[in-house]
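To find a chain, count down the sequence lines: A is the first, B the second, and so on, and within it residues start at 1.
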2 protein chains.
Amino acid sequence: MTGQVRTVDGRVAGRRGQATRQKLLDCLSEMLSSSPYRDVKVIDVARRAGTSPATFYQYFPDVEGAVLEIADQMAAESAGLTELLEGRSWTGKAGWQTAQELVDGFMEFWRKNDAILRVVDLGAAEGDKRFNKIRLKILNSVTSSLTEAISGLQAKGRIDKDVNPAAIAGALVVMLTAVASHQKGFSTWGVKQAELKPNLALLVHLGVTGKKPTK
Amino acid sequence: MTGQVRTVDGRVAGRRGQATRQKLLDCLSEMLSSSPYRDVKVIDVARRAGTSPATFYQYFPDVEGAVLEIADQMAAESAGLTELLEGRSWTGKAGWQTAQELVDGFMEFWRKNDAILRVVDLGAAEGDKRFNKIRLKILNSVTSSLTEAISGLQAKGRIDKDVNPAAIAGALVVMLTAVASHQKGFSTWGVKQAELKPNLALLVHLGVTGKKPTK
DNA sequence: TCGGTAAGCTGACGGCATGACAGGACAAGT
DNA sequence: ACTTGTCCTGTCATGCCGTCAGCTTACCGA
């Protein structure tokens, strides 16, 4: 599937090498959580991992390269997000629950990986195709399901035909990501975490079905 | 009002100094549009402005400091966004038009300032209070109006009481910002710019009024 | 016209991060 | 013990960072 792990100069990495490599990735992750992306330096990551900058450069071309690696691992885990929507109903009380669980699960994922996701978002916004690809991979796991759900309802005539399912689905998902990234803003608006979720679920439900949920 | 413009070492900046300062800011803006934030170096900005790094450090403590300055200028301009909502109606056809114009105006602003807004978003997400303050200043110009509109409808009993107007308003505004930042993603989902806007307007209308618009 | 003063700019410098290389340390098999 | 291939690091040239002293320029009052 994915070829063997290799160093920058082409050697295959053995057991010890992979451990070092992973340690560097872990330390980089921690640093991203604690300091601004712009200030994360190779030398700091190496120091924290108890090794030297030269070692870092054996496994990654630069900080960005290592970040892409972390993001890739996370994107793989994001496949689990599809469970939030697979086989769910959007009608009646079940619909309200689906919306709630989607909001819950998605925001949980985003919060758990917030540091790396910030960087992925930035890279994607700056037009970097590699970051964009990863971001879409993560979002697609939810967006495509959501798009199908909307299309389904549309086919049954429950939603106007001039609605674009992909646009609505994408906008809703992107909304969730942005809210998760900027929860601090909401608290200064006087909105508490606990209040936020049901309101987001309401918006999601409205967007998908066009109607208020029956609770 | 705002004290005189000063250099880092406390001198007041004269006409020439202010021109240089502004030129550095302009060049920094350009650089932010063309290269990743992480790679923007003082020396590059200075070179582009036809001056030396030392001059840059006379006016700004570092790149971040200069970015905050640009962001402040932009936040001042964002006051114009209030016009998009002042005295608008959310009922009937007028409501649909209000939603459309809000989406249009807001996304236009975001696209015009996308480079600097990316950085502000990142800074805010990383927990930097200064960036968060600027971001909220920009968003508040729209969010507070939107919150009032929702509260008003709620007072008339047209919206459920358990809806939190600030949460809904914030989520909708944040959605617009995120969509504007990641339009590229939508095009790979097969959603064109022209299709996107009415669907966003629909979501905004649904969120504010709880009902589908009458077009 | 002529200093005097403050603003404005830059060359130069120590310090640190970067990225490349060669060579030493280490584990595993013979 | 010896060989082999993996793994790590000391070292070095390069380039950016951030600061300072000192030079040039503009303004102003006498």
Task: Heavy-atom protein contacts under 4.0 Å, nucleotides 3-10 of chain C, coded B base, S sugar-phosphate only, - none - done: ----SBBB
- [ ] Could you pull out all residues at least two apart from B:Asp104 that satisfy side chain to side chain contact (heavy atoms under 4.5 Å, CB included)?
- [x] B:Lys197
- [ ] Give every residue pair that meets the side chain to side chain donor-acceptor pair (under 3.5 Å) criterion with at least one member in residues 139-151 of chain B, sequence neighbours excluded.
- [x] A:Trp189-B:Asn140
Open item on the list: Holding to ring pair (Phe, Tyr, Trp, His ring centres under 6.0 Å), I want the full list of residues that pass it with A:Tyr57, two or more places apart in sequence or in another chain.
Closed with: none
Open item on the list: According to side chain to side chain contact (heavy atoms under 4.5 Å, CB included), who are the partners of B:Glu101, at least two apart in sequence or on a separate chain?
Closed with: B:Arg88, B:Gln97
- [ ] For A:Tyr37, enumerate each residue passing the ring pair (Phe, Tyr, Trp, His ring centres under 6.0 Å) test, keeping only those at least two apart in sequence or located in another chain.
- [x] none
- [ ] Taking ring pair (Phe, Tyr, Trp, His ring centres under 6.0 Å) as the test, write out the residues that go with B:Phe109, two or more places apart.
- [x] none
Task: Euclidean distance, atom CZ of residue A:Arg47 to atom C1' of C:dA17 [Å, nearest integer] - done: 10 Å
Task: Residue-level proximity of residues 62-72 of chain A to DNA chain D when a heavy atom falls under 4.0 Å - done: none
Open item on the list: Is the shortest side-chain heavy-atom distance between B:Arg135 and B:Thr177 below 4.5 Å?
Closed with: yes
Open item on the list: Please enumerate all residues that pass salt bridge (Lys or Arg N to Asp or Glu O under 4.0 Å) together with A:Asp39, with sequence neighbours excluded.
Closed with: none
Open item on the list: Rounding to an integer number of Å, can you tell me how far B:Tyr57 OH sits from C:dA12 P?
Closed with: 19 Å
Open item on the list: Going by the rule side-chain hydrogen bond (donor to acceptor under 3.5 Å, both in side chains), which residues pair with B:Thr51 if we only count those two or more places apart in sequence or in a different chain?
Closed with: B:Thr55
Task: Interface residues of residues 34-43 of chain A with DNA chain D (non-hydrogen, below 4.0 angstrom) - done: none
Please set out all donor-acceptor pairs under 3.5 angstrom arising from side-chain atoms of residues 23-30 of chain B, sequence neighbours excluded.
residue	atom	partner	partner atom	Å
B:Asp26	OD1	B:Gln22	NE2	3.1
B:Glu30	OE1	B:Arg48	NH1	2.5

